[in-house]
Chemist: 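Just dropping this structure here.
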Amino acid sequence: MQASRLLGRSLVKPRPSVLPRSHLARRWLSTGPEGASAPPPPRPSFWKRFLQVTGSVTLVTVATGGALYYVAQKDRTPGPQLPHDPTKKTLVILGSGWGATSLLNSLDTVDYNVIVISPKNYFLFTPLLPSVAVGTLSPRSILQPTRYVTRHKKRQVTVIEASATDVDPTTKTVTFADTSEIQGLVSTTTIPYDYLVFAVGAEVQTFNIPGVREHACFMKELEDAEKMQRRFLDCLESAAFPGQSTEEIKRLLHMVVVGGGPTGVELSGELHDFLEQDLRSWYPELAEHVRISLVEALPSVLPMFSKQLIDYTESTFKEAKIDILTKTMVKEVRDKSVVLQLPDKSIAEVPCGLVVWAAGNTLRKVTRDLMAKFPDVQTNRRGITVDECLRMVGSNGSIFAIGDCTATSYAPTAQVASQEGAYLARVLAQLAKKDEAEARLRELQAQGADALSPEAKEEREQIEKRLAKLEKIRPFKYSHQGSLAYIGSDKAIADLPFFNGNLATGGVATFLFWRSAYLSTLFSMRNRILVATDWLYVKLFGRDVSRE
């Protein structure tokens, strides 16, 4: 009986959860070579893993920083350049905007003695100007000195900060004057040219509406964005002054943007971001009174975009409480209000603290004066009439015109001017080859047909064939790369060509694409780093609300 109890206990005895080490060894040995499995390697300690990660990050940081330093130093020390060659023709470029800068970037200066004349010694990345107006970007971040571009060319390029006052196509001369605050003994002079590239751009069109120039801010140049930022902060501080009535606070904080194009829409979106991301923290007592109105005379904003993107923009603005007043015309801008003609033709005076004018372009005086010298062929009021190769009609091929100062079938955008500049660089390179071939042909012809050797005769025949090809210049064709616009609230819209149709998209992902596209379009690594750093700074610390 006792033996059976012991046997029962042995049967129900629990199995050990962990086998002894001797048993495990026997099991590994009994499985043989095919079933053998090595024990797991020992896991490295925490400090060892920490040191490995830290070393890798340090190595990548040092390598990236070294490469960045090398590229930056290479940009700052471009090296020697070829001097001006008296045997080369003189190419004068008027302006430093999108067309002129694109031309300089693509032009081989070995072929010409290049002279750049512009009242500003820098290129301004205008699509990001609304970001400067609200402090998202620093003004210097979107500037590229013209001398940076010219200093990296093979042959020296003369840069003159002056305003062109007259162009004489008969004598092929340009007269320009120093318009800066500090001037020397010589402030005006005249120089000759062989080829002239007229790329002076346009100025703001006010349509002769009373009070626009006196009371409104523009959004065309860098000083316009800085002026608008100062006035906007002035309105905030004046509204915060003790004893200000509610009606006056609402007037001071009503911002009216005139123009429903990309500039007006992006400025409205940037103002909304400034309000939501910063002003609500620093001006909590005023934030609820800030109001933004966008005025457009056409039936809709952003007419160059597709209908679905227009609807998406309008719905986004409605959520952001931005008022869109379409079919509304500005009749007058006053000191403390703007007079509007509403869709029903009624007139209303709307109190406001700030009016930003972002509507329309018109010709500069120097452009009108040049067109007046060709009264028979230059009759288009929108700008200079050019042929299919961007040559000014009536100038016998010595004057090229690109950008907003011309009257073409293309919209006056930065994308068009940039492509025109790159195209003109190829044309000028072809003309340089043609001039060189003609000079060599004249040398051979001067020797006489009888005195030429067989090799010289063969060379002459080849030059004549080459000249026949160089005489034919391919016409300019614009390739639309799409349209982008920022609409605020970290959203953007894009209308991009896709196969045989268009790809219309909007939202946060498009906003990231908008930023990456603009970063890649900037002309130098310096600008890309500055803009990206400004975006990161604003994301971390917000915009600066101090007023200079």
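We number each residue from 1, following the sequence as shown. Please read all numbers here as calculations on a predicted model, not as lab measurements.
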Chemist: Under 3.5 Å, is there a donor-acceptor pair between the Glu270 and Ser268 side chains?
Modeler: no

Chemist: One pair to check against salt bridge (Lys or Arg N to Asp or Glu O under 4.0 Å): Glu443 and Arg440. What are the steps and the verdict?
Modeler: CA-CA 5 Å; Glu443 292 178 2; Arg440 178 55 181 165; 3.0 Å; yes

Chemist: Could you verify whether a donor N or O on one side chain and an acceptor N or O on the other, from Ser106 and Arg426, lie under 3.5 Å apart?
Modeler: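 Per modelled atom types, Ser106 and Arg426 side chains form no pair under 3.5 Å.
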
Chemist: Taking Thr90's backbone N and O only, do any of them form a donor-acceptor pair with Asp194's side chain (distance below 3.5 Å, no angle check)?
Modeler: yes

Chemist: Glu203 vs Lys220, test: salt bridge (Lys or Arg N to Asp or Glu O under 4.0 Å). Steps then yes/no.
Modeler: CA-CA 8 Å; Glu203 61 185 16; Lys220 187 76 173 176; over 6 Å; no

Chemist: Does any N or O in the side chain of Gln205 come within less than 3.5 Å of the main-chain N or O of Gly360, such that one atom is a donor and the other an acceptor?
Modeler: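 No: the side chain of Gln205 does not pair with the backbone of Gly360.
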
Chemist: Check the pair Ile142, Asn527 against side chain to side chain contact (heavy atoms under 4.5 Å, CB included), reporting the backbone distance first and the verdict last.
Modeler: CA-CA 6 Å; Ile142 62 172; Asn527 288 123; 5.8 Å; no

Chemist: Please answer whether the main-chain N or O of Arg334 pairs with a side-chain N or O of Ser337 as donor and acceptor at a distance below 3.5 Å.
Modeler: no

Chemist: Counting N and O atoms only, with roles assigned by atom type, does the side chain of Arg155 sit under 3.5 Å from a partner on the main chain of Gln81, one being a donor and the other an acceptor?
Modeler: no

Chemist: Are Val301 and Ile324 side-chain neighbours, meaning at least one heavy-atom pair lies under 4.5 Å?
Modeler: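 In short, these two side chains touch, coming nearer than 4.5 Å.
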
Chemist: Do Met392 and Phe198 have side-chain heavy atoms sitting under 4.5 Å apart?
Modeler: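 Side chain of Met392 against side chain of Phe198, heavy atoms only: no contact under 4.5 Å found.
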
Chemist: With a 4.5 Å limit on heavy-atom distance, are the side chains of Leu444 and Glu459 in contact?
Modeler: yes

Chemist: Checking side chain to side chain contact (heavy atoms under 4.5 Å, CB included) against Val157, which of Thr146, Val114, Leu91, Ile115 comes through?
Modeler: Val114

Chemist: Ignoring hydrogens and angles, state whether a donor on the side chain of Ser398 or Asn396 is under 3.5 Å from an acceptor on the partner side chain.
Modeler: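 No, because no side-chain N or O of Ser398 sits under 3.5 Å from a partner of the opposite role on Asn396.
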
Chemist: Under 4.5 Å between any side-chain heavy atoms of Tyr518 and Tyr486, yes or no?
Modeler: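 The answer is no, as the side chains (C-beta and beyond) never meet within the 4.5 Å cut-off.
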
Chemist: For Trp98 and Thr126, does a side-chain donor sit closer than 3.5 Å to a side-chain acceptor?
Modeler: yes

Chemist: Just checking, any donor-acceptor pair under 3.5 angstrom between side chains of Gln144 and Ser524?
Modeler: yes

Chemist: When you compare the side chain of Phe374 with that of Leu370, does any pair of heavy atoms fall below 4.5 Å?
Modeler: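 Side-chain contact under 4.5 Å: yes.
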
Chemist: So for atom CD, which belongs to Glu438, do other residues, nucleotides or ligands contribute more than 12 heavy atoms lying within a distance under 6.0 Å?
Modeler: yes

Chemist: If we count only N and O atoms by modelled type, under 3.5 Å, do the side chains of Tyr478 and Gln415 hold a donor and an acceptor together?
Modeler: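 Yes, Gln415 and Tyr478 have a side-chain donor paired with an acceptor closer than 3.5 Å.
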
Chemist: With a 4.5 Å cut-off on side-chain heavy atoms, are Tyr122 and Ser96 touching?
Modeler: no

Chemist: Quick one: do the Thr326 and Ser300 side chains pair a donor with an acceptor below 3.5 Å?
Modeler: no

Chemist: What I'd like to find out is whether the side chain of Leu302 reaches to under 4.5 Å of the side chain of Leu309, using heavy atoms alone.
Modeler: no

Chemist: Take atom NZ in Lys373; do more than 12 heavy atoms of anything else shown fall under 6.0 Å from it?
Modeler: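 Enclosed.
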
Chemist: Step by step, work out the salt bridge (Lys or Arg N to Asp or Glu O under 4.0 Å) result for Asp234 and Arg547.
Modeler: CA-CA 8 Å; Asp234 276 348; Arg547 184 175 63 85; 2.8 Å; yes

